Amino acid sequence: MEYNFTENETKWQKYWAENKTFKAELNLDKPKYYVLDMFPYPSGSGLHVGHPLGYIASDIYSRYMRLKGFNVLHPMGYDAFGLPAEQYAIQTGQHPAKTTEENIKRYREQLDKIGFSFDWDRQVKTADSNYYKWTQWIFGLLFESWYNNKTNKAESIENLISHFKTEGNLNVDAATSQTNSFTADDWNGFTEKKQADILLNYRLAFLSEAVVNWCPELGTVLANDEVKDGKSERGGYAVIQKKMTQWSLRITAYAQRLLDGLETIDWSDSLKDIQTNWIGRSEGALVEFKTESGETIEVFTTRPDTIFGVSFMVLAPEHELVSKITTDAQKEEIAEYIEYTSRRSERDRLSETKKVTGAFTGAYAINPFSGDKLPVYIADYVLAGYGTGAVMAVPSGDQRDWDFANHFSLPIPPVIEGQDVSEGAEDSKEGILCNSDFLNGLPVKKAIKRAIHEIESKGIGKKQINYKMRDAVFGRQRYWGEPIPIYYEKGFPKLINKEHLPLALPEIDKYLPTEDGEPPLKRAEKWNYHPEKGLVANGEGFPVELTTMPGWAGSSWYFLRYMDANNPSEFASKEALDYWGPVDFYIGGAEHATGHLLYFRFWTKVLKDLGFVNFEEPAKKLINQGMIQAEDGQKMSKRYGNVVNPDDVIAAHGADALRLHEMFLGPIEMHKPWNTKGIEGVSKFLRKLWRLFHDANGNLAISDDKATKDELKSLHKSIKKFREDTERFSFNTSVSNFMVAVNELTDSKCNKREILEPFTILVSCHAPHIAEELWHLLGKKESVSFATLPAVNEVYLKEDSKKYPVSFNGKMRFTLDLPMDMTKDEIEKAVMENEQSQKYLEGKTPKKVIVVPGKIVNVVV
RNA sequence: GCCCGGGUGGUGGAACUGGUAGACACGCAGGACUUAAAAUCCUGUGAACAUUGUGUUCGUGCGGGUUCAAGUCCCGCCCCGGGUACCA
């Protein structure tokens, strides 16, 4: 009887589901291992063949770790809130919850057919109110915390308030947007509103007025990682900069820890690089320049050593000093320039970076060391959002400053010996300072230190570290997301009481902004809050926040919920968190490097600081699965009509073949095209494997005879390679390893239990359905996933002899079979005495003979 | 521009710390079985030259180098993919 994959695969999928074979239970007696996949956003088009690639790899690894005796947590769920469902709802009027549920159902059917060993009892859906209740609760934690730079962690806002009451903010070192200082008396005298406003400058979840990315098409603000090339990542719509009051999360407080943590985790270098660049740490100095009129311009520079090379100053057009220092004569020009820059979209600005623009304010600043008069310009190459929004321009060392100086005919004084600034700036960190008074003769690195020292002792600045990363904009003017659990009393935000969570998403008539441009939640009829009664009809109580959370809120902590997914009273129990956390192995796409993967590290650190989890990093090991392209090398997309559906592949070849084939395509981390024909190879392998257990007539035929030395060698070679390959996530070479073994066993017509039983266990990770059936044909009653991974017995691998490749001058000429226990000298002698050697020696005596026992022989003539 | 990956047969890819380049597959060619096809099995398959087996030369993007020995290490380039970009 030939192997019937459809029948067999359905049978075992049913068995696993009915017996809850992969149910994970907390068991302190067993070591745990947590394998996590990035959960999918259930889109309307279902899974294509590229999606399960990572899931297959993680499933193989999960099964492998189970065989090694670990208690494995391998869950799955859905990232169910998001823009596409809402856009669809706007078009069709269908409730996004309904379409999302339908999509989830379809995803589940597709996933079930692939034979994953997920514990479905732990499924999470971010749009489920039992889940987002806790997302809202975590938002509450962020709202009620501030970051203490002295203890280097988040602390309760109550601590801060009591500090304010007794000392004001004088001895507070916090991550804050508060610039003014106040005393205890000041604080106690402030109105409630004023106090609330100040606290917002400290809270980790805070409301502030800031320039944000506004996408008019989507009708919402976007975080920096959701904007690519000046357009929205979803939809590709134009983005403009707009000043708005917004909820944000103070991720910048964690910039240094997010950087430091990278050194403790086993993630790919490219991913770490992306995050490092995104965080963008730079060391330098904050320096004050006085204008002639007595105003102070503060600049950030990474090259304080070049301060004698400053020939002008530049402010961002939005800089608050611009209006104060502009002379009457220049007012018109400056106003025109500001008007021009505010008209330009983000895309225009980015695409015209070579165009030099700017305007002179008429004001002059004084170089604090040289006393030189420095004209002050405004230009939009200086960004309001970075550093202080002002720079000291050093045209000899900075190309942008050079271009500007060149355009406006400003001097370009060199400050490094031998510097040639006629064609452009030279920004080398090597070199010796010149024309720089007390810095003359010093190499750059020492000069930087010296300059900072002088700046500090003069009292005009200090050493400073800046980060490119911005705080994360958190509110979205959209419907399909978690409501932010905030209401407004006396004009300032307050947290909705814990017992009123979840703050459920209300029903509304349509999913569009109101006529006044308010977010869709404004349409809800019962969207006011009463601290005792909860939600009440509008007109009663206090208004509730109208924005919702971004797509990444729910995914920032889902890995924690899986640990205790059905807990009704906590986000997860302490016991479960301590046992299962952190994630041991995480797999997902690299496109989440600057979004999800930063946010989930950030939330983990906050929860650690507040004592809820005992680990600093959420995932110890992470690999990125590559993309599977269509056969034509293009991206697989409905638009190109080149999508391959796993359902079709499974119908034609089976789930085991799909799993093997996806792995066989190449290394997990690489992008590679789908290859329809290639699947024949793995199908053939499965049939060959099946035939090892059956005779020519298709009847089961397993022998209890003793295995031969060669058969044992095939088996143990395979066990060894399988273990090595799996440990280094080389799933593709495992497949060829299986093929080699089956080919060898087929050649020797091996049907011996002693060989087939352990081999079935190996194969069960990649091809669980056929393995499960074969396991039962071998007479086993339990699932093969409860078996033990076979150990390597080196005795069977030991070779008696080695076919030595013999090279002359590095060129391989012939091989020579020699016993393994020969010494170097004996090998050399044997080679030299061999008649074939004479031909290549041409009568000469060899200069040198290199012998690496067990490896090679190389004769140098 | 800067920072990461990556370039190996007709194709996907192997070669873990320098040690027989091309494992394992796909494809292709030839053959066996068959009335025929499918399925299965066998043989061959980097290129060129030569050929009786054997052999010789070249060959891992290009050019150099280190080494007894380089796909692997070093230097300089080219191409492809990704990230990032007036970040001072």
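Below, chains carry the letters A, B, ... as their sequence lines are ordered, and counting in each starts from 1. What you see is a predicted model; the values in this text were computed from it and never measured.
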Return the pairing partner of [N] with a 3.5 Å limit on both distances, Watson-Crick or G-U wobble; otherwise return none.
| N | result |
| --- | --- |
| B:U66 | none |
| B:G27 | B:U45 |
| B:A15 | none |
| B:U52 | none |

| note | Correct closest heavy-atom pair for A:V314 and A:A393 would be CG2-CB, 4.4 Å
| request: Give the minimum heavy-atom separation between A:K824 and A:P853, together with the two atoms involved. | output: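 For A:K824 versus A:P853, the nearest heavy atoms are CG-CG, 3.9 Å.
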| task | Ignoring backbone atoms, test whether A:S282 places a side-chain nitrogen or oxygen under 4.0 Å from the OP1 or OP2 oxygen of B:A88. | result | yes
| Parallel, tilted or perpendicular: rings of A:H766 and A:F738 (30°, 60°) | perpendicular
| task | Examine the base of B:C68 for any acceptor or donor lying under 3.5 Å from a partner atom in the side chain of A:N858, and report the outcome as yes or no. | result | yes
Which nucleotide in the set [options] lies at the smallest distance from any side-chain heavy atom of [X]?
| X | options | answer |
| --- | --- | --- |
| A:T733 | B:A25, B:A15, B:C86 | B:A15 |
| A:R687 | B:A39, B:G81, B:C87 | B:A39 |
| A:R813 | B:U84, B:U56, B:C87 | B:U56 |
| A:P667 | B:A14, B:G19, B:C24 | B:A14 |
| A:K684 | B:C41, B:A88, B:U20 | B:C41 |
| A:W278 | B:A14, B:U84, B:A15 | B:U84 |

| query | Can you tell me how far C1' of B:G5 sits from NZ of A:K672, to the nearest Å? | reply | 14 Å
| field | For atom CG of A:N624 and atom C1' of B:G6, their distance in whole Å | value |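 It works out to 15 Å between those atoms.
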| Which comes earlier along RNA chain B counting from the 5' end, the contact point of A:V740 or that of A:M670, where each point is its nearest nucleotide? | A:M670
| If anything within 90° of 0 is syn and all else is anti, what is B:G9? |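 Here the answer is syn: the torsion falls within 90° of 0.
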| request: Verify the distance criterion only: is there a donor paired with an acceptor across the side chains of A:N213 and A:N224 at less than 3.5 Å? | output: yes
| Between A:K688 and A:N743, a side-chain donor and acceptor under 3.5 Å |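 Short answer, yes.
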